[in-house]
Amino acid sequence: MSQKNQTLGEFIIENQSSFKYSSGELSRLINSIRLAAKVVNHEVNKAGLVDIFGSAGDTNIQGEDQQKLDVYANEKFINAMTNRNIVCGIASEEEDYFVTINSQDENNQNKYIVLIDPLDGSSNIDVNVSVGTIFSVFRRVTPVGTPVTIEDFLQKGDHQVAAGYIIYGTSTMLVYTTGDGVNGFTLNPAIGTFYLSHPSMEFPEDGVIYSVNEGNYVHFPQGIKDYIKYCQMEEGDRPYTSRYIGSLVSDFHRNMIKGGIYMYPKSSKNPNGKLRLLYECNPMAFLAEQANGWASDGFNRIMEIQPKTLHERVPFFVGSKNMVGKVEEFMKGDKT
Ligand code: AHG
Ligand code: MN
Ligand code: MN
């Protein structure tokens, strides 16, 4: 049962018994993500000062190389999850291949696989707009104590045991699920503690916000063009409104609170869309379903897609159930 002023640390301990696998390990994993989130948050907040104190590629006052924030975030999250005897492999949008953690050691009992988009929406950094981090957690399918293989990473989203995101916005939040609903925690920057601020988050069943890069309109499939026209055309008092930040985490977060749909369809330029199944779509799909929403590639449930490669892309529609359902009807050509 949640209580007032509950911290993320307290929440993890209180709720770990509801997790069906060995709970202590997953708690430690979430704790390591919480730690990295605070470190990255600190750096993101200073981003506007980079031009004052030295641009990426320069060395800072301690003689360390300054790095682009997505590389920095990648390193911080990987470091936080390494050497804690929980994670045996990490795949990241920023790495060509997966990283193996101690799992070649036969005494190593680490069971968890993490897939991560360390900095989502990174083009927004330069203009002081919200960015995020997305993570997805699986149990390995190969035996413990053996080296991880690609098979451990190419699991259907349905097998996720946890997923979440951090949003570095006007306030910083960590939002995650372990398959028992979605909860959001807001960082109090003065004391560096996350507090439960958004218990049991849910998408409204329907919404009025659609989020899509309409600059690609002419390249979209006919079904999506028709859906966008449906949102725009006045019929009675259809109240749709368009909001697109260009950072999946931020668009998703707003739509979950207010009701809406985020779309990144395929286009004649990008036949599989842009977003990555493993680092972006699967974790957001798990969160969406846990929050009474839905996620689809236009025809199929995202979490049932069998991944074939680490960095594969997929068209993505996520948000309020009825809105995603409507897009699927248009894609099937049932609606014109
Ligand atoms: P990333 O910064 O991790 O590469 O992800 C950016 C993604 C997503 O967050 C965002 O919604 C989308 O790309 C924006 O793409 P467009 O600029 O093509 O609209
Ligand atoms: Mn991204
Ligand atoms: Mn990224």
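Numbering of ligands and ligand atoms starts at 1, following listing order. Atoms considered below: every heavy atom in the structure, side chains included; atoms not considered: hydrogens, waters and symmetry mates.
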Taking atom CG of Leu248 and atom CD1 of Ile134, what is their separation to the nearest 0.5 Å?
4.5 Å

Compute the ring centroids of Tyr262 and Phe252, then answer whether they are less than 6.0 Å apart.
no

Test of ring centre spacing under 6.0 Å for Tyr195 and Phe11
no

Please list, in number order, the atoms of ligand 1 under 4.0 Å from a heavy atom of Asp117.
3 (O)

Which of the numbered atoms in ligand 1 are below 4.0 angstrom from a heavy atom of Asn213?
16 (P), 18 (O), 19 (O)

Please list, in number order, the atoms of ligand 1 under 4.0 Å from a heavy atom of Asp120.
2 (O), 3 (O), 5 (O), 6 (C), 8 (C), 9 (O)

List the atom of Glu10, the atom of Asn5, and the distance in Å for their closest heavy-atom pair.
OE1-O, 4.0 Å

What atom name does the N, O or S atom of Asp120 nearest to the Mn ion (ligand 2) carry?
OD1

Applying the side chain to side chain contact (heavy atoms under 4.5 Å, CB included) criterion to Met81, which one of Ile116, Asn110, Val137 satisfies it?
Ile116

I'd like to know if the Mn ion (ligand 3) has an N/O/S atom from Glu93 within less than 2.8 Å of it, counting both backbone and side-chain atoms.
yes

Could you check whether Asp120 and Thr133, counting side-chain N and O atoms only, form a donor-acceptor pair closer than 3.5 Å?
no

Could you tell me which N, O or S atom of Asp117 is nearest to the Mn ion (ligand 3)?
OD1

Proximal atoms of ligand 1 relative to Tyr262 (non-hydrogen, under 4.0 Å)
10 (C), 11 (O), 12 (C)

Ring centres of Phe185 and Phe194 under 6.0 Å apart?
no

At a threshold of 2.8 Å, where the distance has to be below it, does the Mn ion (ligand 2) have an N, O or S atom of Glu280 nearby?
yes

Close-contact set for ligand 1 against Glu280 heavy atoms, below 4.0 Å
3 (O), 5 (O)

Numbered atoms of ligand 1 (with element) below 4.0 Å of Glu93, judged on heavy atoms
3 (O), 4 (O)

Does the side chain of Thr193 pick up a donor-acceptor pair with the side chain of Asn188 at under 3.5 Å?
no

Do we see a donor-acceptor contact under 3.5 Å between the side chains of Tyr112 and Arg140?
no

Are any side-chain N or O atoms of Ser320 and backbone N or O atoms of Asn322, one a donor and one an acceptor, separated by less than 3.5 Å?
no

If only side-chain N and O atoms count, and only distance matters, is there a donor-acceptor pair under 3.5 Å linking Asn41 with Thr172?
yes

I want to know if ligand 1 touches Asn216 in the polar sense, i.e. an N/O pair below 3.5 angstrom.
no

Which ligand 1 atoms, with their elements, are less than 4.0 angstrom from a heavy-atom of Leu119?
2 (O), 3 (O)

Short check: any N/O/S atom of Gly121 below 2.8 Å from the Mn ion (ligand 3)?
no

Testing the 3.5 Å rule here: is there a donor-acceptor pair between the side chains of Ser268 and His219?
yes

Say whether Asp226 and Gln222, considering side chains only, have a donor N or O and an acceptor N or O under 3.5 Å apart.
yes

Considering both backbone and side-chain atoms of Ser123, is one of its nitrogen or oxygen atoms within less than 3.5 Å of a nitrogen or oxygen in ligand 1?
no

I'd like to check which ligand 1 atoms, numbered from 1 as shown, lie under 4.0 Å from a non-hydrogen atom of Tyr244.
11 (O), 12 (C), 14 (C), 15 (O), 16 (P), 19 (O)

Honestly, for Ser122 the part within reach of ligand 1 (heavy atoms, under 4.0 Å) is both

Examine all N, O or S atoms of Asp70, backbone included, and report whether one is under 2.8 Å from the Mn ion (ligand 3).
no

To which protein heavy atom is atom 18 (O) of ligand 1 closest, and what is the distance rounded to 0.1 Å?
Tyr264 OH, 2.5 Å

Closest candidate by heavy atom, reference atom 15 (O) of ligand 1, pool Lys269, Met284, Arg276, Lys274
Lys274

Residue, atom and distance of the protein heavy atom nearest atom 7 (C) of ligand 1 read Leu275 CD2, 3.8 Å

Counting only heavy atoms, tell me which of Gly121, Ser211, Gly246 gets closest to atom 1 (P) of ligand 1.
Gly121

